[in-house]
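Quick notes on the structure that follows.
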Amino acid sequence: MKYGYFDDERREYVITNPQTPWPWINYLGNEDFFSLVSNSAGGYAFYKDAKFRRLTRYRYNNVPMDNGGRYFYINDGGTVWSPGWKPCKTELDKYECRHGMSYTQITGAKNGIEAETLFFIPLKTWAEVQKVKLTNTTSDVKKIKLFSFMEWCLWNAEDDQNNLQRNLSTGEVEVKGSTIYHKTEYKERRNHYAFYHVNTAIDGYDTDRESFVGLYNEFSEPKAVIEGRATNSEAHGWSPVASHYIEVELQPGESKEFIFVLGYIENKEEDKWETKNVINKQPAEAVIERFNTVEKVEAALNELRLYWDTLLGKIVLESGDDKLNRMVNIWNQYQCMVTFNMSRSASFFEVGIGRGMGFRDSNQDLIGFVHQVPERARQRIIDIASTQFPDGGCYHQYQPLTKRGNDAIGGGFNDDPMWLILGVVSYIKETGDFSILDEMVPFDNDMSLAQTLYDHLTISFNHVVNNLGPNGLPLIGRADWNDCLNLNCFSSDPNESFQTTENNTEGSKAESVMIAGLFVVYGQEYVELSKRIGKVDEAERAQTEVNKMIEAVKSKGWDGEWFLRAYDFYGNKVGSDENEEGKIFIESQGWCTMAGIGKEEGLCEKALDSVKERLDCDYGIVLNNPAFTKYVIEYGEISTYPAGYKENAGIFCHNNPWIMIGETVIGRGEKAWEYYKKICPAYLEDISDLHKTEPYVYAQMIAGKDAYKPGEAKNSWLTGTAAWNFYAVTQYILGIQPDYDGLKIEPCIPADWKEFAVKRQFRGAEYNIRVVNSAGVNKGIASLEVDGVKQKGNTVPLFDEGTHEVLVTMG
Ligand code: GLC
Ligand code: GLC
C-alpha cells in the first residue's frame, strides 16, 4: 500500500495519509541551524549540535510514537484539531504533507477551515520560520481560536532528560509583546537564548507546561486549548513551554496568514543584558524583522529553492525510468546532503546525543556530496585528517562542535586510515584542486605535529603495511568497516559496550580480508595520485606493497568459491565453508571484486556467483550466511543480533553497492541493476506497509531473509548507504566518472537499455552526455564524440567553460 506519491516537478514527496507505517520525516536547515520535522509536525530544532544546543524538547521511543514537536491547535466552536493530524488525531476532512528540499508544508482541513502550515529555515539564518495560513471555505463568518505550542529543551538534550533534580528548578522565561523568550541558564554560563514569536498581537500566552497542558492531560488535549483560553502563565522552573493564543475571525472565503519564528541568539558577554535580569532582545528583534511579512517569507523560500536548483543542477539524468530519475536527480542527492550535515547524529533512530562524526563514515559520505559543495568537502577533509594519530591510526569519531577526537571510543579500527585516501582522491578528481595535498594538517589536533595532507595519505597507507598479520593480510584491530566484527574483544559482561571495550590485540592473529581489498583499491589510487604529482619512487614502492597484498589475498584469502572474510584471534578462518555459521560474508566479496583481485582467473565471477546464490534475497543482499544463532565470544557484537537484523545477516544497505560495483567490474550490467533496484526506496513505494520507512530515502538496514519479517527497514536517513548508492549508480552503472583529466565514461547497464542522457557540470563547464546503446551491450564503448569530434579512449577532455555535446556509442 502507498501512503502518498512523488511530485517530481516540485521535488516533493506528498503524504496523503497521516498514519504512515512509521513517522516519515524531513530535515530543515543547511548550515548551522537545523530541524527535524515529521509528517505530523513532530521533531525538534537545534543549533549546530543536537546534544548540546537543543532548542525544543522531543521524546524518543515514546507512546504514542512521535511525541513533541511544533504543534498548532485550532479550537473551532469546541472542535479541537491540528493541521498535522497529531497530536489531536481528530479526523480531518483533508490532510496533506509535502516534504520538499529543506521545507515541509502540512495542510489540514476541518469543518470549513483549511490550515496550511509551512516550515523552513531560511539560508544563513538561525531560526525556523513557520507560516500558518487559515482559510474559511464556508459561506459563514468563522470565529476560531489558534494556539501554537512547543516545549523548550533545557539545552543539553541528555541532561534535560536525566538531571531532573536540578532541571525542574532552573527554567526561566520572559515574555515581551508577542515573543516568548527562553533564557534558562543565561544568567550564568550561557551566552545564548531562544525565542518564539508571532507577527501579530496575541490574545494570551502560556509558558508553563502544567498551566497549558494540565498535569494529567496529553498533548492531544491541552487544558488551555480545550477551555479555549490562555492562562498567561509564567514558568519558574518545572517545564517551560511556548504557546501563543490568537483569536481569529474569518469572513466567508477569507484567508489570514501568521508568521511564527523560532530562533536562536548568541550575545557577547558585554551585550547580554538590557537591564538587570532583562535579556538583550535586540538581536532577536532583528531576526523577527527579517521575516515579519508574507512577502519577506516568500522571498526567503525562493532563495532556498534557488539554492537547491543550483545544488541539484550539477548532475541531471534523463532515463526512461521515472523512479531512477527521481532518485538520482532529487532524493538520493538530497539524502547525501542531509547525511553530510548530520553525519550520524540526529534522526528518528539516532537520538542526537550519541555518536559524533565517524572518521570512516565522513570520508565515505564525501563521495555523495563533493560535486555539490566542493569547498565544504575540502574543509571536511582537513577536519577529519586533523584527528589522525601520528602513526596513521585514527580517532574513530570526532565531535562536531570541538572538532576533536572522541576519547571515549579512541582508535584502533584498522580500516579507518584507508578511507582518507578515498575522500581526498574523490575531492581532487572532482575539483582538480591538487593544492589540498600541500595543506599543513595537524595530528591529534596538535599543530606542532602538522605535516602535509599528502604525508597523511602516505602515513595512512603505511599504517596498513606496518600492521600485517601472519598471512600477510591486514590486522583488523578493534574492527574494520563492520563495527560489530570484534575479533579481539572477548566481552562477557553485558554492561560493556563492544564499541568501547578495551581490546586484546596483543598476540592476536586477527586479520581482515576486507581491509586487504580496501587496501588494494585505495592503495592503487594512492599509487596513481603519487605518480600525478611526480613522486615516482613512492608510487613504485606503494605498487610493490599493493602487489604483495593481491598475492596474499589470492593465496590466503580465497576459500574456493568465495573470498574469506577474516582470520580470528587464534588464526582460524572466518567466512569459510568450513564454518558452521557465517560461511560467507558480503564485505570481502565486495572489496576484492572492486579491486579486481583474481579477475583473470575467474575469482571475481565465482565470488559474485556465490553472493547471488547464498546472500541475495527478495529484498537485497544480506551481510552473511548462515546467520549466527548463538553468541560467539571471539566474533563479538555481530553474533549478538537476532538472525537477519543489523550486522548479523541483515541487508545492510551500505554494502550492497560494493557488490553492484563489483558486478560492473566484470561487466554484468543486469545484475548490478537488479541489486540497485532491490534496495532503492523509490522502487519500494508500493510495499510501504512492509518496508515501513520513507519511500524517498535509503534506510541503513532492511531485515534479511533469516529475520522474523524480511523486508522491514530500519534506521532511515543517516547512513553511508546514501553516498554509496549514488556513487554506484552514477559512476559505475551510468558510468560517468570524474577523473583527473576529465570525465571518464564507462557505463555498465542492462543490455536492453537503449539510451540515456546526463547533464553534468564539471570544473566550470557543462557536458550534455548522450549514451546510445543500439548495439544492446552491457559494457564497452565503440566511439566517443565531443562537440562532433571523435576522441581516442573514453575520457571527455576538460574544458574551462561552455556547454559541450558528448555522444557515447556503446558497442
Ligand atoms: C554503521 C556505522 C559505520 C559502520 C557500519 C557497519 O553504519 O556508522 O561506521 O561501518 O555501521 O558496522
Ligand atoms: C556501531 C555499528 C552499528 C551497530 C552499533 C551498535 O556504530 O556501526 O551498526 O549496530 O554500533 O553497537
Side-chain angles (χ1 to χ4, degrees), residues 335-336 338-340 342-347 349-352 354-368 384 387 394-400 405-406 409-420 422-423 476-487 489 497-500 512 514-515 517-518 522 565-566 574-575 582 585-588 590-591 620-624 628 635-641 645-659 679 693 697-702 704 713-725 727:
Q335 186 178 3
C336 286
V338 169
T339 312
F340 162 61
M342 299 286 130
S343 191
R344 304 294 176 266
S345 69
S347 71
F349 296 86
E350 301 277 9
V351 298
R355 323 195 245 168
M357 317 270 290
F359 191 98
R360 75 158 87 88
D361 291 341
S362 297
N363 277 302
Q364 292 172 81
D365 289 348
L366 211 118
I367 62 177
I384 301 170
T387 64
C394 312
Y395 272 110
H396 194 48
Q397 293 167 0
Y398 71 97
Q399 297 306 129
N406 182 346
I409 186 153
F413 294 75
N414 284 352
D415 63 315
D416 274 335
M418 289 316 288
W419 299 109
L420 184 62
L422 164 69
I476 197 168
R478 301 179 52 174
D480 57 23
W481 171 86
N482 190 333
D483 271 339
C484 300
L485 188 63
N486 315 118
L487 300 181
C489 188
S497 147
F498 287 94
Q499 309 291 310
T500 52
S512 162
M514 187 226 138
I515 303 182
L518 185 73
Y522 297 121
R565 178 61 176 88
V574 181
F585 285 70
I586 193 171
E587 300 98 323
S588 43
W591 283 99
I621 311 166
V622 302
L623 194 146
N624 56 291
F628 295 103
Y635 288 5
E637 187 168 6
I638 189 170
S639 60
T640 66
Y641 285 113
Y645 296 98
K646 293 283 283 183
E647 279 92 337
N648 184 15
I651 296 156
F652 216 93
C653 298
H654 183 150
N655 55 34
N656 278 224
W658 301 345
I659 299 297
I679 61 165
T693 59
V697 291
Y698 283 96
Q700 180 204 53
M701 198 264 310
I702 301 173
K714 290 192 186 106
N715 203 359
S716 53
W717 284 98
L718 305 184
T719 157
T721 309
W724 271 104
N725 277 283
Y727 185 72

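Atoms within each ligand, like the ligands themselves, are counted from 1 in listed order.
Residue-ligand proximity, R360 to ligand 1, at heavy-atom distances under 4.0 Å covers atoms 3 (C), 4 (C), 9 (O), 10 (O). For ligand 1 and E647, the ligand atoms under 4.0 Å from any heavy atom of the residue are 6 (C), 11 (O), 12 (O). Counting atoms of ligand 1 from 1 in the listed order, those under 4.0 Å from a heavy atom of Q700 are 1 (C), 7 (O), 11 (O).
Residue contact check for ligand 1: T719 places no non-hydrogen atom closer than 4.0 Å to it.
Residue I659 holds its CD1 atom at 11.0 Å from CH2 of W591, rounded to the nearest 0.5 Å.
Counting only heavy atoms from C-beta outward, the side chains of Q700 and F652 approach each other to under 4.5 Å.
When all heavy atoms of I384 and S362 are compared, the closest pair comes out as CD1-CB, 3.6 Å.
Contacts between D483 and ligand 1 below 4.0 angstrom, taking non-hydrogen atoms only, involve backbone and side chain alike.
At distances below 3.5 Å, at least one donor-acceptor pair connects side-chain atoms of N725 with backbone N or O atoms of T721.
Classification of the W658-W724 ring pair by plane angle, with boundaries at 30° and 60°, yields perpendicular.
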